[in-house]
Amino acid sequence: MTRTSSNRRDVRTSGPGRGRLQGVPVLLVPAADGGTVQHLAGNGTPTGDRTPLDTALTAARPETRWVWADTAQCYPQLLAAGGRVGRCHDLALTEALLLGYDGRWGRPRSVAAAWSRLHDLPVPDDVDPGEATAEPTLFEPVRSALPAGVDPVSAVAAVYADQLRRIAATEDPGRFSLLVAAESAGALAAFEMTATGLPWSAEVHAAKLTELLGARTSAGVRPARLVELSALIDAAFEGRRTNPDSPADVLAAFTAAGRRIESTRSWVLRKVDHPAVEPLLAYKKLARIHAANGWAWQERWVREGRFRPEYVPGGVVSGRWATRGGGGLQIPKVLRGAVRATLGHILVVADAGQLEPRLLAALSEDPGMATAAQAEDMYAAIAARSFGGDRARAKVGLLGAMYGQVGGQAAAPLAVLRQEYPAALRLLEEAARTGEDGGLVRSHLGRTCPPVGDDWVRTGPAARARGRFTRNFVVQATAAEWALTWLAVVRSQLTTLDAAELVFFAHDELVVHAPAEASEQVVRILYDGALEAGRLLFGSTPVRFPLDVSTVGCYADAG
DNA sequence: ACAGACCGCGCC
DNA sequence: AAAGGGCGCGGTCTGT
């Protein structure tokens, strides 16, 4: 195993894992009478104290931390019953992080599985949440898979204590604790946001669809505008009936028209001189809106004025979230006019600009790059310093370095960067080499990339592809943990405001819906949170994490 | 009829 | 301008 972060800095003095994200653990305990919670000591052993569940929910201090099997199983029910939890330790997410740290990716991560591994017993498969019992109780997922006779409370306590030991045995327990706290807080936020939903005007959305596509049609029937464009495409191909949704058919049509193209990607088509290109590009754009975010989508995903994406925290290997259905992280720009604050409210939209290059600067501690990362526009600062002010070249070079591009336009800027920012480029190239050799790389806080499969061979394209993946992983995964930490801090501070709700999170962007009179406080919380996230991850670093913040009535007006 | 691969494009 | 990282989704196409 190869570490990629050299020049380690001790961040413990600045207190990751000991600050706002940590608290006194409380353990939930199942009971036939509707539930009690059992208290845990700091090392995970039960103290014997018990409190009724509803009392615990209403009387919990903000620093109370709930230790439970799986936020996905426990929290939606609590939220539906009006409960809300400040902090938690999610045993399943933490188990996945710890297994990954040891290079044991994809093993079952449930409490039952962890408990069984702890006792050298056969490990049960994880239960798909979709296949869980019809009326799950808070602890059903724990109880059902544990061997008969094993007390679920003891199992949770034992796994929790074991995880604390394993965290303490990592290379930097302070960092890993912060990762666990942020991952767990993120899971709370994810299920809260699914319950809350993003304010979505079905009327505005429908009006936009009609403007773009024509009147609504029944399912399976192409709207008027698509029919027209399809006819124009046929005409341009001199009557040849062409299915614009079929890349193979479009390719054949161009071949018949004497135009040899290697694919039907829109940027390839744009270079082709043929009358079918224009209607084809228009068709593809609109057909995409119709298929992915049309009337059927609205019917399925928008209810009571809210779009409710189902977030999957930890759904991406880099620690980014995924969504399940509805394409929640891909709301097209042309439809963002439908995201509207309700009466008397505003949306505060904040996104962290140029996050990945800034994290590269912080990770590598490259002096020149760190200086550039103090600027509001980091690409411009790099350009001024090293590219004679040519911002486009600076950006292409930096992105190419982080994504593993070697040729094309990026080649020359890359050589400049290697000369001027050697520590930053070395970090990336070391990560790539580790990946090509089949090794593991980690994020700043210790999230670890998946190992190679059994059938992996250290040859040509496969090795280079893995090198690009691990090269990008160190940056993308660290960006994801910065953003998660930001989210966690903002979430906890927003509880000080009445009726301010987090409604959207997408990789490096947060949207808060709040009463108009609270807007300035929300803005302050977002900025303070970004500052705090940088401090928690890196202690004192010259790197800044500037935000673009807009206070708007409509998402389309942000930015 | 259904499953899975591939394609292309939306987002970051 | 179009090479390189991560996704979800809906379309077609191919194989069973």
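Residue numbers start from 1 in every chain, and the chains themselves are labelled A, B, ... in the order their sequence lines are given, proteins ahead of strands.
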| query | What does A/Arg464 touch in the nucleic acid at a heavy-atom separation under 4.0 angstrom: a base, only the sugar-phosphate, or nothing? | reply | nothing
| OP1 or OP2 of B/dG10 under 4.0 Å from side-chain N/O of A/Lys285 | yes
| Carboxylate-amine/guanidinium proximity below 4.0 Å for A/Arg433 and A/Glu430 | no
| said: Need one value for A/Arg288: base, sugar-phosphate or nothing, where a base atom within 4.0 Å counts as base even if backbone is also close, heavy atoms only. | reply: base
| said: Between P on C/dG8 and CZ on A/Arg300, what's the gap in Å once rounded to a whole number? | reply: 16 Å
| request: Select base, sugar-phosphate, or nothing to describe what A/Ile331 touches, counting heavy atoms under 4.0 Å on all strands. | output: sugar-phosphate
| task | Could you state the atom-to-atom distance from CZ of A/Phe473 to P of C/dG6 in whole Å? | result | 11 Å
| query | Picking from B/dC12, C/dT12, C/dC7, which would you name as closest to the side chain of A/Val316? | reply | C/dC7
| task | Could you grab the distance from atom OG1 of A/Thr217 to atom CZ of A/Arg225, nearest 0.5 Å is fine? | result | 15.0 Å
| field | A/Ser263 side chain near B/dC7 phosphate (N/O to OP1/OP2, under 4.0 Å) | value | no
| field | Within 45° cone of A/Tyr101 ring axis and under 6.0 Å: A/Arg442 NZ or CZ | value | yes
| field | Pair A/Arg216 + A/Glu299: basic N to acidic O under 4.0 Å | value | yes
| field | Position toward the 5' end of DNA chain C (nearest nucleotide), A/Trp301 or A/Lys271 | value | A/Lys271
| message | Expressed as a whole number of angstroms, how long is the span from A/Leu251:CG to B/dC6:P? | response | 17 Å
| said: Please tell me if A/Lys333 has a side-chain N or O lying less than 4.0 Å from either OP1 or OP2 of B/dC11. | reply: no
| message | Nearest to the A/Gln409 side chain among B/dG10, C/dA3, C/dC7, which nucleotide is it? | response | C/dA3
| query | Less than 4.0 Å between a side-chain N and a carboxylate O, is that true for A/Glu211 and A/Lys208? | reply | yes
| N/O (side chain, A/Arg320) to phosphate O (OP1/OP2, C/dG6) under 4.0 Å | no
| message | Please pick, from C/dG4, B/dC11, C/dC13, the nucleotide with the shortest atom-to-atom distance to any side-chain atom of A/Gln405. | response | C/dG4
| request: Using whole Å, report how far CD of A/Gln476 lies from C1' of C/dC7. | output: 9 Å
| request: May I have the distance from A/Asn293 (atom CG) to B/dG8 (atom P), rounded to whole angstrom? | output: 21 Å
| field | Whole-Å gap separating P (B/dC7) and CG (A/Leu269) | value | 15 Å
| note | Here the distance between atom P of B/dC12 and atom CG of A/Leu484, to the nearest Å, is 18 Å
| So, is A/Ser266 near the phosphate of B/dC9, with a side-chain N or O under 4.0 Å from OP1 or OP2? | yes
| request: Among the candidates B/dG8, C/dG5, C/dC13, find the nucleotide nearest to the side-chain atoms of A/Lys284. | output: B/dG8
| task | Inspect the contact between A/Asp249 and A/Arg241 and indicate whether a charged nitrogen and a carboxylate oxygen are less than 4.0 angstrom apart. | result | no
| query | Closer than 4.0 Å, any side-chain N/O of A/Ser318 to the OP1 or OP2 of C/dG6? | reply | no
| Nearest listed nucleotide, side chain of A/Val317, among B/dC9, C/dG5, C/dC7 | C/dC7
| C/dT14 C1' sits how many Å from A/Asp249 CG, rounded? | 16 Å
| said: Any base atoms under 4.0 Å from A/Gly407, or only sugar-phosphate, or nothing? Heavy atoms, all strands. | reply: nothing
| query | What nucleic acid atoms does A/Gly326 come within less than 4.0 Å of, heavy atoms only: base, sugar-phosphate, or nothing? | reply | sugar-phosphate
| message | With the criterion set at under 5.5 Å between ring centres and under 30 degrees between planes, would C/dG5 be stacked on A/Tyr403? | response | yes
